[in-house]
Enquirer: 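Sharing a structure below in structure tokens format, with a few things to ask.
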Number of protein chains: 2
Amino acid sequence: MTTPRKVTSLDVAKRAGVSRSAVSRVFTPGASVSARTANKVREAADALGYRPNVLARAMLTGKSKIIGLVVAYLDNHFYPTMLELLSEALERQGYHVLVFMASHSASDIEDVVSQILDYQVDGLVLASVALSSDLADRCRASGVPVVLFNRMLETDGELAVVSDNRAGGRMAAEHLVQLGRTRIGHIAGWEGASTQRDREAGFMEGLRTASLGLFAREVGDFRLPRAQDAARRMFDTDTRPDAVFVANDYMAFGVMDVLRAEFGLSVPEDVAVIGFDDVPAAAWPAYALTTIRQDTQAMVAATVDALMAEIDGETFASPSPLPVTLVKRRSA
Amino acid sequence: MTTPRKVTSLDVAKRAGVSRSAVSRVFTPGASVSARTANKVREAADALGYRPNVLARAMLTGKSKIIGLVVAYLDNHFYPTMLELLSEALERQGYHVLVFMASHSASDIEDVVSQILDYQVDGLVLASVALSSDLADRCRASGVPVVLFNRMLETDGELAVVSDNRAGGRMAAEHLVQLGRTRIGHIAGWEGASTQRDREAGFMEGLRTASLGLFAREVGDFRLPRAQDAARRMFDTDTRPDAVFVANDYMAFGVMDVLRAEFGLSVPEDVAVIGFDDVPAAAWPAYALTTIRQDTQAMVAATVDALMAEIDGETFASPSPLPVTLVKRRSA
DNA sequence: CACTGTCTTGCAAACGCATGCAGGGGGAGA
DNA sequence: TCTCCCCCTGCATGCGTTTGCAAGACAGTG
């Protein structure tokens with residue numbers, strides 16, 4: 001076992017016949033170094049395999065170049081997609097993503113955030129997670145910018161990037177009534193989520209405009225089994241809905257499955273189904289799910305813009321809700 | 001804007017009337033501190049909201065408590081699942097996951113690994129990514145244990161955790177012949193992957209045992225569109241296969257879609273389809289995909305065992321390939 | 001009471017780097 | 001050739017910890 005002694009800037013300096021400072025400057029963009037020493041240093045660095053230690057640098061500058069991401073449901077494909085985009089976008093800016101699972105108890109989110117702060121992250125994005133506002137305060141007290149992704153807080157003032165969920169809900173309703181459906185149900189996600197509330201509010205608006213009421217309502221909590229139970233409850237009845245707006249695609253798949261497999265209903269003939277998100281699988285022919293598309297790309301772009309601005313000390317206002325679009329497929 | 005000055009161990013020390021060392025020791029399990037000072041310190045720490053700076057600690061101890069994960073396809077649900085499990089398992093050990101996307105060009109994997117090492121990660125897991133062996137050398141030279149997840153290297157000696165892909169391939173073949181299928185095709189993943197080679201090798205073995213040959217073969221590179229093209233090529237012919245083994249579930253979904261939607265074939269009546277992985281969607285009634293299940297749970301468990309052992313300086317032998325199981329659903 | 005042994009505790013050095021400050025060297029202009 | 005100025009460079013300090021070392025406190029024993 002060879003001793004893997006770390007090669008430090010001092011090693012490079014000695015080999016190049018310069019001082020540590022010179023080495024440091026070579027690796028600090030925008031520092032004043034002559035081309036000659038820069039070359040010597042780079043050469044020595046290559047020979048020794050030297051690369052600056054991000055952690056040490058972080059101590060001095062206070063910038064760790066890492067962004068914490070806390071995420072809850074990785075089984076809903078919306079989030080892996082978001083993670084991929086986010087990570088790539090941040091890498092382009094020289095940042096990287098440290099992942100934290102907020103999987104279960106909503107209370108230990110407290111704990112999770114503490115752990116994150118221990119890593120001196122430069123920023124924090126909370127995806128699909130309820131942030132108590134005093135927690136937000138604590139983060140801001142630590143000087144860590146936090147942006148909520150796909151969630152909003154009552155108490156605004158928090159940086160949040162969201163789609164125009166209300167408009168999306170309205171579009172869903174309009175599409176369904178335009179199709180001539182009248183017995184329209186809704187399967188809700190977790191009711192603590194602003195996303196859910198806005199989507200449903202918009203949906204109700206849309207129905208009301210058409211002088212329709214909600215025919216049935218169940219809640220699926222954004223979880224697959226719960227959504228399926230919700231569907232079972234909703235359709236185990238004499239007069240069934242002829243359309244249902246499901247609060248996200250992930251649940252919609254589960255709902256379509258029980259409609260077809262357990263009730264022998266066909267979509268969209270017997271019942272139209274419309275989802276929300278437009279995750280990749282929505283386009284798969286097996287579901288061909290009509291849905292309200294969130295522009296994930298734009299959402300993460302807005303997220304990193306916000307982060308970068310806040311990190312640079314500028315204060316950044318939450319962008320207005322991002323536009324969504326109805327994508328018609330065969331399920332409605 | 002309040003100045004968010006960081007609260008350091010010195011602040012706590014002063015408030016508690018002790019030295020920095022005392023504070024440090026309180027937060028270092030197994031250090032020698034009297035109960036009395038421990039209480040004073042903890043009290044002061046709570047009052048000030050002090051938490052040790054992981055980065056500073058990392059500098060001294062050389063342990064950053066972060067594990068780098070480089071991952072390629074997040075659209076294949078196998079990997080988000082794995083990420084979730086891995087992150088949770090590591091959090092339980094006090095580690096966290098720093099994500100790196102190896103998205104595209106296989107060459108910049110070189111670059112990615114360099115970036116990772118800059119963060120002084122304590123370990124590295126490469127999921128579904130081809131590691132050149134000199135790259136592996138460089139990591140080991142830096143003293144960073146690396147474990148390959150779901151991939152093996154020709155030159156063994158690398159730590160790798162894989163399923164028994166060969167056995168899995170064999171099981172797929174056996175199941176298909178047992179079903180009486182005779183014109184059996186294979187849609188391969190990326191041929192650079194050991195996973196692919198092993199699955200196919202096992203599959204061929206299984207066919208050979210039954211005195212059958214491969215009826216058709218196309219490659220889908222583990223990507224959805226490519227897999228669909230592969231399926232089109234394979235079935236746009238007079239005598240079609242009556243069964244196909246697809247190298248992973250993700251591609252299998254795409255294949256089933258084109259078979260049904262474009263060729264009007266029904267699965268499994270016209271053609272039996274069998275996949276590999278058993279991702280959650282495989283259980284969805286729309287696909288009800290018969291598949292070879294990888295025990296993701298066991299795989300990540302083995303991965304963190306390996307990491308922890310190597311970090312503790314023990315050398316750890318690659319575990320033997322983990323058992324897979326055939327899960328029969330309706331597609332075959 | 002003196003001595004020894006066991007716990008605690010503080011001191012100071014180290015980890016690897018960035019950066020303000022001041023000094024040195026060289027080029028340009030006269 | 002001399003002066004001035006600017007560009008480079010080295011020195012030293014600090015970032016927030018951990019940890020070996022040695023000294024202090026205290027109890028127990030003879």
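Reckoned from all heavy atoms, side chains included, excluding hydrogens, waters and symmetry mates. Quick note on labels: first sequence line is chain A, next is B, and so on, each numbered from 1.
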Enquirer: Would you list the protein and nucleotides 14-16 of chain D atom pairs, both N or O, that sit under 3.5 Å from each other?
Expert:
none

Enquirer: Is it the case that the side chain of A/S87 and the backbone of A/E84 share a donor-acceptor pair, with hydrogens and angles ignored and the cut-off at 3.5 Å?
Expert: no
Enquirer: Distance check needed: C/dG10 C1' versus B/K40 NZ, whole Å only.
Expert: 13 Å
Enquirer: Rounded to whole angstrom units, what separation is found between the NZ atom of B/K14 and the P atom of C/dG10?
Expert: 14 Å
Enquirer: Only distances under 3.5 Å count here; give the side-chain donor-acceptor pairs of residues 65-77 of chain A to other protein atoms, sequence neighbours excluded, each with its distance to 0.1 Å.
Expert:
residue	atom	partner	partner atom	Å
A/D75	OD2	A/Y250	OH	3.3
A/N76	OD1	A/F78	N	3.0
A/H77	ND1	B/H77	ND1	2.4
A/H77	NE2	B/D75	O	3.2

Enquirer: Ignoring hydrogens and geometry, is there a side-chain-to-backbone donor-acceptor pair from B/E158 to B/V147 under 3.5 Å?
Expert: no
Enquirer: Under a plain distance cut-off of 3.5 Å, with no hydrogens placed, do A/Y119 and B/N53 share a side-chain donor-acceptor pair?
Expert: no
Enquirer: A/D118 has an atom CG; how far is it from atom C1' of D/dT17, in whole Å?
Expert: 13 Å
Enquirer: Out of C/dA18, D/dG10, D/dT19, which nucleotide sits closest to the side chain of B/T61?
Expert: D/dT19
Enquirer: Any side-chain to backbone donor/acceptor pair from B/E91 onto A/M101? Under 3.5 Å, distance only.
Expert: yes
Enquirer: Would you tabulate the nitrogen or oxygen pairs shorter than 3.5 Å linking the protein to nucleotides 4-8 of chain D?
Expert:
none

Enquirer: Regarding B/R151 and B/T195, do their side chains bring together a donor and an acceptor under 3.5 Å, going by distance alone?
Expert: yes
Enquirer: Counting any heavy atom closer than 4.0 Å, what does B/V23 reach on the DNA or RNA strands: base, sugar-phosphate only, or nothing?
Expert: nothing
Enquirer: So, the side chain of A/T303 versus the backbone of A/F149: is there a donor-acceptor pair under 3.5 Å, distance only?
Expert: no
Enquirer: Under a 3.5 Å distance rule, please check whether A/S142 uses its side chain to pair with a backbone N or O of A/V144 as donor and acceptor.
Expert: no
Enquirer: Could you give the NZ-to-P distance, from B/K63 to C/dC15, as a whole number of Å?
Expert: 16 Å
Enquirer: Can A/S24 and A/S21 be counted as having a side-chain donor-acceptor contact under 3.5 angstrom?
Expert: no
Enquirer: For the helix from C/dC1-D/dG30 to C/dA30-D/dT1, what is the angle between the axes at its two ends, each from 5 pairs, rounded to 10°?
Expert: 40°
Enquirer: For A/F27 and C/dC17, give me the distance from atom CZ to atom P, rounded to whole Å.
Expert: 9 Å
Enquirer: Hey, does the side chain of B/R20 reach the backbone of B/A13 with a donor-acceptor pair shorter than 3.5 angstrom?
Expert: no
Enquirer: Please encode protein proximity along nucleotides 21-26 of chain D as a string of B, S and -, counting only heavy-atom distances under 4.0 Å.
Expert: ------
Enquirer: So, A/S64 side chain and A/Q120 main chain: donor-acceptor pair closer than 3.5 Å or not?
Expert: yes
Enquirer: Starting at CG of A/N150, measure out to OG of A/S163 and round the result to the nearest 0.5 Å.
Expert: 6.5 Å
Enquirer: Please output the side-chain donor-acceptor pairs of residues 55-63 of chain A that fall under 3.5 Å, not counting sequence neighbours, one pair per line with the distance.
Expert:
residue	atom	partner	partner atom	Å
A/T61	OG1	A/R57	O	3.0
A/T61	OG1	A/K63	N	3.1

